[in-house]
Amino acid sequence: MAHSNDAREALMIGRRTDGTTVRRPLSPHLQVYDMLQMTSALSIMHRISGAAWSVGLIFFVWWVAAAAAGPEAYGRMAGFMGSFIGVPILFGITAAAWYHILAGIRHLMWDFGYGYDIPTTYRTGWIVIAGTAVMTVLTWIVAIVAWAS
Amino acid sequence: MIEQQTRLQPPLGRVRGFGSAKNGTHHWWMQRVTSIALTPLMIWFAFSIAIRAGEPWEVMAEWIARPFNAVLLVVLTAIGFYHTAQGLQVVVEDYIRPDRSVMVVNMAIKAVLTLLALLAALSIIRLAV
Ligand code: HEM
Ligand code: HEM
């Protein structure tokens, strides 16, 4: 029997009554999955947006810490966020956050048992994509209007 | 693919002690509960900041310091970092091998996230009191 150093691989091995082993199929992963399908693309996007938002939380911590430290520290933070490096980062966090929230609500809908058929899956998928675009642009319109006034 | 079993230790014996089946259901459930709580909190936060874009320190610090806002921000910090730690744990478990490294990386992530969460909470409370 092939050696395995990982408990999770052992879980994939079953045994017949005669003692011979059978390797169970693995669930889909990046190398075997057709990433051009909307289902798989949106699935992995939820993971990517969650990871991106995790990194984005650093800017939240920096923001409150700078505010607590005083006007100079806050000014440096705000200066960076308003720069040509800061604005694309903020825009990226906004888009990742809206995608993660909307796709997360889609997850919760599945958890309540709704929307598993293929047409509904595609419809809610498009709603998440369109919703991300709309909410990201809306958030930035609000910010730019506030900035300008 | 059929292979011959060549050791006496059954597969279950190898799996026991370091496999799955720890607190999976609780983990899964808490990921749902925290995501439900975070949805209104994050939308509130995003638009609260957006409508104050470009405001100076005086305005922002005063906004954070208001009791209602400060409480919600601390709650957002606590639930947000919990959700993030749990979420990243799953990603690490899926992509990192072997089990030893998974444990080390997850401990490191949780240590960093705990420090960041405490820094954020302390900053908010310092402004508020
Ligand atoms: C139609 C496509 C897919 C379906 C139906 C599907 C289905 C599932 C199901 C039922 C689970 C178990 C969830 C759970 O344990 O709570 C799962 C977990 C997972 N899937 Fe997929 N999956 C799909 C595509 C993908 C793709 C494309 C990837 C990555 C490239 C992926 C990565 C994962 C990972 C990493 C997990 C474990 C995370 C977790 O347990 O929450 N999946 N998937
Ligand atoms: C502080 C902000 C947030 C961060 C940093 C974050 C990060 C993450 C990460 C890294 C994961 C793991 C992804 C995976 O296993 O593929 C995750 C999962 C999840 N997130 Fe978030 N998240 C945040 C806010 C939210 C919000 C507001 C929702 C609202 C619906 C949400 C819903 C979910 C759900 C439902 C899952 C589980 C998905 C699954 O089982 O596959 N998250 N999050």
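Letters A, B, ... mirror the listed sequences (proteins, then strands); counts begin at 1.
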Joint hydrophobic cluster, [X] plus [Y], side-chain heavy atoms closer than 4.5 Å:
{"X": "B:V102", "Y": "B:V112", "result": "yes"}
{"X": "A:I58", "Y": "A:Y74", "result": "yes"}
{"X": "B:L118", "Y": "B:V129", "result": "no"}
{"X": "B:W44", "Y": "A:L57", "result": "yes"}
{"X": "B:V75", "Y": "B:L116", "result": "yes"}

inquiry  = Within residues 78-87 of chain B, which residues come under 4.5 Å of chain A, heavy atom to heavy atom?
reply    =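 Expected list: B:F81, B:H83, B:T84.
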ask   = Looking at A:A51, A:G82, A:G70, A:A78, which makes the most heavy-atom pairs under 4.5 Å with chain B?
value =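 Heavy-atom pair counts peak at A:G70.
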key: Residue, of A:P71, A:S54, A:A67, that accumulates the most heavy atom pairs under 4.5 Å with chain B   =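 Of A:P71, A:S54, A:A67, A:P71 has the most heavy-atom pairs under 4.5 Å with chain B.
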query = Once the angle between the rings of B:F45 and A:W63 is folded into 0 to 90°, is it parallel (under 30°), tilted (30 to 60°) or perpendicular (over 60°)?
reply =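 Perpendicular.
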Where on [X] is there a heavy atom nearer than 4.5 Å to chain A: the side chain, the backbone, both, or neither?
{"X": "B:E55", "result": "backbone"}
{"X": "B:L76", "result": "side chain"}
{"X": "B:I64", "result": "side chain"}
{"X": "B:I49", "result": "side chain"}
{"X": "B:I51", "result": "both"}

request  = Decide if atom CZ of B:R52 counts as having more than 12 heavy atoms of other residues, nucleotides or ligands within a radius under 6.0 Å.
outcome  =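 For B:R52, atom CZ is crowded (more than 12 foreign heavy atoms under 6.0 Å).
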inquiry  = Heavy-atom count check: over 12 atoms from other residues, nucleotides or ligands less than 6.0 Å from B:W29 CH2?
reply    =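 Check fails, neighbour count at 12 or below.
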request  = Tell me, out of B:A46, B:G54, B:A50, who's got the most heavy-atom pairs with chain A below 4.5 Å.
outcome  =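 If we count pairs closer than 4.5 Å to chain A, B:A50 comes out on top.
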key: Top contributor to chain A contacts, counting heavy-atom pairs under 4.5 Å, from B:L122, B:L73, B:L113, B:I43   =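 So the answer, after comparing B:L122, B:L73, B:L113, B:I43, is B:I43.
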task = Please identify each residue that fulfils ring-ring contact (aromatic ring centres under 6.0 Å, His included) with A:F80, with sequence neighbours left out.
result =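 Once residues adjacent in sequence are excluded, the partners of A:F80 under the ring-ring contact (aromatic ring centres under 6.0 Å, His included) criterion are A:W62.
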inquiry  = Sort by residue number and list every residue of residues 134-149 of chain A having at least one heavy atom under 4.5 Å from chain B.
reply    =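 Under the 4.5 Å heavy-atom cut-off, A:M135, A:L138, A:T139, A:V142, A:A143, A:A146, A:W147 qualify.
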ask   = Which members of residues 99-117 of chain A, sorted by number, sit under 4.5 angstrom from chain B on a heavy-atom basis?
value =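 Within residues 99-117 of chain A, the residues under 4.5 Å from chain B are A:H100, A:I101, A:I105, A:H107, A:L108, A:D111.
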Residue A:A65 versus chain B: region with a heavy atom under 4.5 Å =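 Answer is both: backbone and side chain atoms of A:A65 are under 4.5 Å from chain B.
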Interatomic distance, A:F60 atom CZ to B:T77 atom OG1 [nearest 0.5 angstrom] =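 If we round to the nearest 0.5 Å, A:F60:CZ and B:T77:OG1 are 3.5 Å apart.
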